[in-house]
Number of protein chains: 2
Amino acid sequence: MASGASTVHGLRRRNRARVLWDLYLNGPGSRQRIGSAAGVSPGTVSNVLGGLMEEGLVLESGLVPSAGGRPSSIVQVNPAYGYVIGVDVGESSVLVELFDLAMGVCATNRSLTELTQLSPADVVTQVAGGVHAVLADAQVAESDVLGVGIGVPGLVEHSPLAVVHGQSVGWDAVPLEALLREQIALPLAVGNGAKLLGQAEHWFGAARGEADVVIVLIGQGVGASIITGGSADLGPMSSAGEWGHTAVSIDGRICRCGARGCLEAYVGAGAILQRYEELHGMPARTGDLERRTDELLARVDIDPEVAEVVDESVRYLGAGIANLVNVFSPRRVVLGGWLGRQLAELRMPEIHAAAERNALRTPFRDVTLLRAELGADAVALGAATLPVSRFLSSGGDREAVLGATATSTA
Amino acid sequence: MASGASTVHGLRRRNRARVLWDLYLNGPGSRQRIGSAAGVSPGTVSNVLGGLMEEGLVLESGLVPSAGGRPSSIVQVNPAYGYVIGVDVGESSVLVELFDLAMGVCATNRSLTELTQLSPADVVTQVAGGVHAVLADAQVAESDVLGVGIGVPGLVEHSPLAVVHGQSVGWDAVPLEALLREQIALPLAVGNGAKLLGQAEHWFGAARGEADVVIVLIGQGVGASIITGGSADLGPMSSAGEWGHTAVSIDGRICRCGARGCLEAYVGAGAILQRYEELHGMPARTGDLERRTDELLARVDIDPEVAEVVDESVRYLGAGIANLVNVFSPRRVVLGGWLGRQLAELRMPEIHAAAERNALRTPFRDVTLLRAELGADAVALGAATLPVSRFLSSGGDREAVLGATATSTA
DNA sequence: TGCCCTTGGTTTACGCCTTGAAAGAAGTGG
DNA sequence: CCACTTCTTTCAAGGCGTAAACCAAGGGCA
């Protein structure tokens with residue numbers, strides 16, 4: 001435990017990890033490209049790849065003719081080497097997905113939660129059930145699974161097992177990881193849902209390839225995933241998700257967290273509905289929050305009263321984005337979450353303008369606002385990146401990943 | 001350039017760097033302690049230290065008797081191995097300080113700037129003059145200087161030479177590093193002043209030894225230095241200093257940056273004076289901003305009108321701190337800057353209460369608010385940590401540090 | 001068809017590194 | 001004076017990456 005980084009074995013592990021990461025993020029490629037991209041000499045690339053191929057972790061997948069020379073052979077990670085599971089514990093359902101190493105979906109399982117309240121015990125049961133269901137569904141053995149990532153609403157504290165504080169869903173210090181361990185005998189990693197959505201967009205979506213980027217998640221709750229220097233490790237508790245509870249208007253409207261003037265009290269779905277109600281009386285009251293919001297937004301172009309409410313939200317959203325831009329100077333800001341994506345579609349120019357009004361010129365000059373690309377299963381996908389990330393960083397050491405009683409990191 | 005981390009030479013460099021960092025931050029110690037703290041085997045410690053001592057970079061400085069065994073010999077970095085210079089380009093003066101490697105002050109030079117405006121050319125002249133003055137003063141040869149760190153107000157963009165955007169002092173894309181290079185033939189590193197103050201507090205002050213901490217800087221301007229996971233690399237431009245321009249009250253008071261509702265428009269020194277004037281007419285008008293503010297604050301306990309203004313600032317400050325706590329969940333928040341230190345002294349309980357009102361319970365539970373420990377030269381000290389940091393991370397490779405035309409990092 | 005050229009990948013001699021174990025060094029207590 | 005403890009150094013052994021030479025596989029051209 002003490003050694004590992006300073007040793008010469010660690011060097012090899014790091015080089016394996018570099019090669020694997022490059023292969024994973026930049027796609028299949030020739031040995032030459034891998035060498036220069038990962039900063040490793042050609043000889044070492046061959047050496048390392050030799051080992052990896054023997055273990056079946058990477059495979060040769062074709063030749064690319066080159067302009068008058070020996071053609072490159074392309075290597076890639078073997079998607080079938082192992083599987084990972086991503087879980088999205090949402091406020092209305094639990095989604096479990098089984099992926100191969102290339103993040104191809106192999107099986108899916110969704111179970112609805114009671115809308116009333118999220119009981120930890122029920123969630124644990126549903127997660128465990130979902131995990132077993134997808135494995136059975138795709139006929140994958142547990143021993144072929146490298147790990148399970150779980151995205152939850154609220155703060156995740158690692159001490160060292162994950163404890164979840166979900167102020168908005170009534171979870172107070174729920175020892176989720178310990179509970180899950182009793183029913184799942186696989187390596188677990190628990191993370192904040194907003195952060196994981198961000199990671200998914202960063203690996204596979206609109207934030208791809210950018211080292212400094214912020215992904216905003218707007219739904220009922222409001223969060224942000226902040227990625228600087230290519231990684232998202234901000235704060236000991238994955239708390240960057242709590243952007244929604246930053247004050248943008250002291251003494252402003254009261255938020256469900258209890259404080260005043262939180263961003264979420266202006267741009268969250270609940271806020272929009274409530275604001276419309278205050279101004280213009282009750283909107284349609286059927287269906288869940290998401291449906292009611294959708295119905296409202298559908299009328300934005302024809303109903304000035306709706307437009308008024310939306311525009312107010314947009315102003316606050318812009319200011320919130322400006323705050324992020326000022327502090328982090330990302331190069332992209334990605335708007336995600338079911339409501340965020342809709343707002344991006346309906347009001348992107350206005351959001352941009354509102355942000356510009358409040359941001360400093362210099363950092364704002366270099367920023368691009370984008371709509372998130374991934375769909376409804378982005379959180380599950382992001383959750384699945386946790387075990388993948390662990391696996392790659394270990395240099396593809398299956399034993400290390402499985403053996404560890406695994407302090408979960410997220 | 002391509003290699004360096006993956007190679008076996010790099011391994012040695014990293015191990016040297018580990019040992020040096022441990023020695024530097026955790027103070028002198030026995031070989032045994034170094035070994036376990038840095039995660040290196042005893043043999044390697046001896047080996048590495050042998051080299052370092054031969055180069056004169058570390059030296060043996062005494063024995064510590066142990067309970068019935070061979071006494072440990074204590075090693076420490078040699079303060080006289082080299083020198084570094086820290087520069088604080090403030091809004092009213094340029095302070096240049098020469099330090100030895102142990103950050104002992106060897107010489108100081110302060111030159112006042114015209115209060116009217118900060119002309120880049122004048123600043124460059126003053127910095128260069130100050131550098132030569134302190135060297136002459138302490139009779140240190142240029143060749144013994146490992147580098148010069150410079151703290152400036154405003155955003156610093158590395159592209160790759162440092163370009164400074166100081167919206168509040170009228171600097172728009174000033175290529176400061178290029179200008180300085182023409183007059184100073186030493187490795188340079190430019191950084192945001194707020195961030196550097198934070199680094200100083202982190203290495204030597206109230207934030208010492210804590211991996212996740214936020215240092216707030218309040219003077220005329222308002223900034224924050226955010227340290228997560230032990231390092232402060234947030235954003236490609238060291239922009240974390242721009243916390244003062246985050247909106248806490250949309251449509252609120254207008255800030256000198258042009259936007260509305262910035263935190264700085266409520267808690268900066270100018271804001272306090274102006275607010276008092278609005279409410280109660282002109283305060284004393286003699287002296288500079290700092291003196292006038294001091295005079296006002298001196299009356300806070302006897303003049304309810306002053307107290308009213310201060311308390312308003314404190315409320316906003318608390319909300320701003322809460323925002324930082326929610327997003328980063330630091331374990332300490334340190335209040336620095338000449339005004340910040342005063343507010344901490346006068347109103348710490350009120351600041352704490354205001355922050356608590358706006359923060360989420362979970363992250364706030366673990367946070368401690370502290371007053372900064374370092375004095376008026378903290379920015380210069382922090383600036384001097386830049387070349388030191390570079391030197392230590394290089395594993396104490398003097399040539400590497402001096403040779404590099406040095407992409408400045410901060 | 002045969003030769004050279006270009007480009008991609010592989011092998012090998014070499015030097016360097018860390019480790020782990022064993023030996024050495026420096027005190028203490030009996 | 002001899003164990004015993006604690007800290008430090010030495011040394012053989014095993015691994016690693018690099019550089020440079022060396023194979024492999026085509027394309028173009030005569």
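Computed from a predicted structure; not experimentally measured. In the text below, chain A, chain B and the rest are named by the order of the sequence lines, each starting its count at 1.
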Look at the side-chain N and O atoms of Asn15(B) and state whether any lies under 4.0 Å from the OP1 or OP2 oxygen of dC17(C). no

Shortest non-hydrogen contact from Val8(B) toward Leu11(A): CA-CD2, 3.9 Å

Taking salt bridge (Lys or Arg N to Asp or Glu O under 4.0 Å) as the definition, give me every residue that meets it alongside Arg12(B), ordered by chain and number, with sequence neighbours left out. none

Between dC16(D) and Arg14(A), is there an OP1 or OP2 to side-chain N/O distance shorter than 4.0 Å? no

How is Thr44(B) classified with respect to the nucleic acid when contacts are heavy atoms under 4.0 Å: base, sugar-phosphate, or nothing? base

Can you tell me how far C1' of dG15(C) sits from CZ of Arg12(B), to the nearest Å? 13 Å

Mind telling me whether Phe328(B) and Phe328(A) have parallel, tilted or perpendicular rings, with 30° and 60° as the class edges? tilted

If I take atom CG in residue Leu11(B) and atom P in nucleotide dC17(C), what distance separates them, rounded to the nearest angstrom? 9 Å

Would you kindly give the CG-to-C1' distance between Leu49(A) and dG17(D), to the nearest whole Å? 15 Å

How many Å lie between CD on Glu54(A) and C1' on dT10(C), as a whole number? 15 Å

Tell me the interatomic distance from Arg13(B), atom CZ, to dC16(D), atom P, rounded to whole angstroms. 20 Å

Given dC7(D), dC16(D), dT19(C), identify the nucleotide with an atom nearest to the side chain of Gln32(B). dC7(D)

For Asn47(B) and dC17(C), is the shortest distance between a side-chain N/O and OP1 or OP2 below 4.0 Å? no

Is Asp397(B) salt-bridged to Arg390(B), cutoff N-O under 4.0 Å? no

So, is Arg31(B) near the phosphate of dT9(D), with a side-chain N or O under 4.0 Å from OP1 or OP2? yes

Within this structure, what is the CG-to-P distance between Leu63(A) and dG27(D), rounded to whole angstrom? 12 Å

OP1 or OP2 of dT19(C) less than 4.0 angstrom from a side-chain nitrogen or oxygen of Ser41(B), does that happen here? yes

Which part of the nucleic acid does Ser72(A) contact within heavy-atom distance under 4.0 Å: base, sugar-phosphate only, or nothing? sugar-phosphate

